[in-house]
Amino acid sequence: MIDINLILNETEKVKQALAKKGCFADLSEIIQLDGERKALIRRTDALKAERNAASAMVPKLKKEGKDVSEIIARTRMIGEEIAAGDKKLSIVAEKLSDLVSRLPNLPDDDLLPGEKENNKVIKVFGTKPEFDGYKPLDHVSLCAKSGLIDYERGTKLSGAGHWIYRGKGAQLEWALLNFFISEHLSDGYEFILPPLALGYDCGYGSGQFPKFVEEVYWVENAEESDRKKMKFMLPTAETALVNLYAGEILKEADLPKKLFAYTPCFRKEAGSYRAEERGMIRGHQFNKVEMVQITTPDKSKEAFEELVNKACSLMEKLGLHFRLSKLAAGDCSASMARTYDIEVWIPSMGIYKEVSSVSNANDYQARRNGTRYKDANGKNTFVHTLNGSGLATSRVFPALVEQYQQPGGSIIVPEVLRKWTGFDKI
RNA sequence: GGAGAAAUACCCAAGUGGCUCAAGGGGCUCCCCUGCUAAGGGAGUAGUGUGGAUAAUACUGCAGCGAGGGUUCGAAUCCCUCUUUCUCCGCCA
């Protein structure tokens, strides 16, 4: 949620920033509605003050045996006016908050405008693996060959976009998660296992709703139109973590909060790239460890660097070839002011695929869900929220088996995972 | 899933229509007295949101007693819906 005062006071600046993200919303309607809202508040508040004063006199006059019917008649009329004013106010206020809440976050000043074509590779880690004298297999074949993943029975149980980790595949998957978890623990992050089905407010508070209400799985009777009372399966643990302190006022001394969670993530991924993205590149359910920091505005740049470094460090320790990209304004998701993607090399596809997205929402999410802290001057201030995958296994797994494959389709297990897998080769 | 009870500030808690713009404790902050592993006296302590007016965190209106509605001139108090917690019953692949 963008600060309404910023829209009022620096309209042009906001307009230009939104344009960088490809949003050309009409701000004048917002400004006009806010004026209306304030005028209505002034009027009804004055009426309420009048009614309060008049009502307060009633018991005194009654005691003195005076006739109060005139006062009561008048305050009744005032009451009707107040009711009408309040009704109008709530309509205006709701319209206003709906418009403002649909605006995406303002991108940081240093971002290029536009979409993917303006993303910039910042750094490349490692080199593409060489496959001397043999043709490397894609991860689907590799996994099938070693029985790591059971695609057929996955779709049998739950349809397209679902797979089953089996045997050593399950062990490798779990080893990755254990590795990520142990790294975050040693960096002093708090381990969170949140509910997987969340209420509407979490979706709104993270900035994913109302935009993505159709992209998540709703748990309770889907016919029901009132989604605000329903639960949905979380599409990422970010949705839970950034709402952990919603509505609370934290102490500055307790910040930053450094959290991470392991959850499966559930996404409809309707109408997507199935043919191109075989195997587990894009599924309806995948495992992810998500990092979140909740911090003061002055520390948020620092926190962002930390999260980017952490994500890169995980990839480096796995020994995978990947690159780090800075996204253009339009390619950042709506809630985010800045995003860096970590993309891993998938040899069979000949492209880099996202394994982690590290983002800073600034105070956009905090404004939506009401997470604040009391600063040194005793003023309540919105926190900054940051999140980053650390990491999503559904992309790491295929990259790993492809990059570590040997002639004949065997796979070397990266050193750091061996204490979790218990084997060094598949 | 059913029945009953509850929700007031940092904590405990009074309060069944105006005398509560929420009593009283505890805790915390400040002051005084005493003087040192004590004790006593006094003052302060409703955050927050949202308007107005500001140099201002000074001042002021409104809202606010779990949330949202309703009744009323007036609601913490009466009514309805919801949420959460507790107790009991049921269910438990």
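Each chain gets a letter, A, B and so on, in the order its sequence line appears, and its residues count up from 1. Any value given below was found using the heavy atoms of this structure, including those in side chains, with hydrogens, waters and symmetry copies removed.
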Q: Go through B:U48, B:G52, B:C62 for me and flag the one nearest to the A:Ala49 side chain.
A: B:C62

Q: Could you tell me the separation between the CG atom of A:Leu96 and the P atom of B:U50, rounded to a whole number of Å?
A: 12 Å

Q.
Tell me which nucleotide, if any, is Watson-Crick or G-U wobble paired with B:A43 when both distances must be under 3.5 Å.
A. B:U29

Q) Is the phosphate of B:G49, meaning OP1 or OP2, less than 4.0 Å from a side-chain N or O of A:Arg372? A) yes

Q.
At less than 4.0 Å, is any side-chain N or O atom of A:Asn52 found next to OP1 or OP2 of B:A63? Yes or no.
A. yes

Q) Angle class for the A:His284/A:Tyr217 ring planes (parallel below 30°, perpendicular above 60°, tilted otherwise)? A) perpendicular

(Q) Checking contacts here: which listed nucleotide (B:G49, B:G18, B:A63) is nearest the side-chain heavy atoms of A:Ser55? (A) B:G18

Q: Consider the side chain of A:Ile41, meaning its heavy atoms from C-beta on, and name the nucleotide among B:C62, B:U50, B:G52 that approaches it most closely.
A: B:U50

Q) Taking a pair as Watson-Crick or G-U wobble with both distances under 3.5 Å, which nucleotide is matched to B:A7? A) B:U83

Q. Checking all strands, does A:Thr75 fall into the base, sugar-phosphate, or nothing category for heavy-atom contacts under 4.0 angstrom?
A. sugar-phosphate

Q: Report which part of the nucleic acid A:Arg51 touches: base, sugar-phosphate, or nothing (heavy-atom distance under 4.0 Å, all strands).
A: sugar-phosphate

Q) Is the distance between the ring centroids of A:Trp218 and A:Phe209 less than 6.0 Å? A) yes

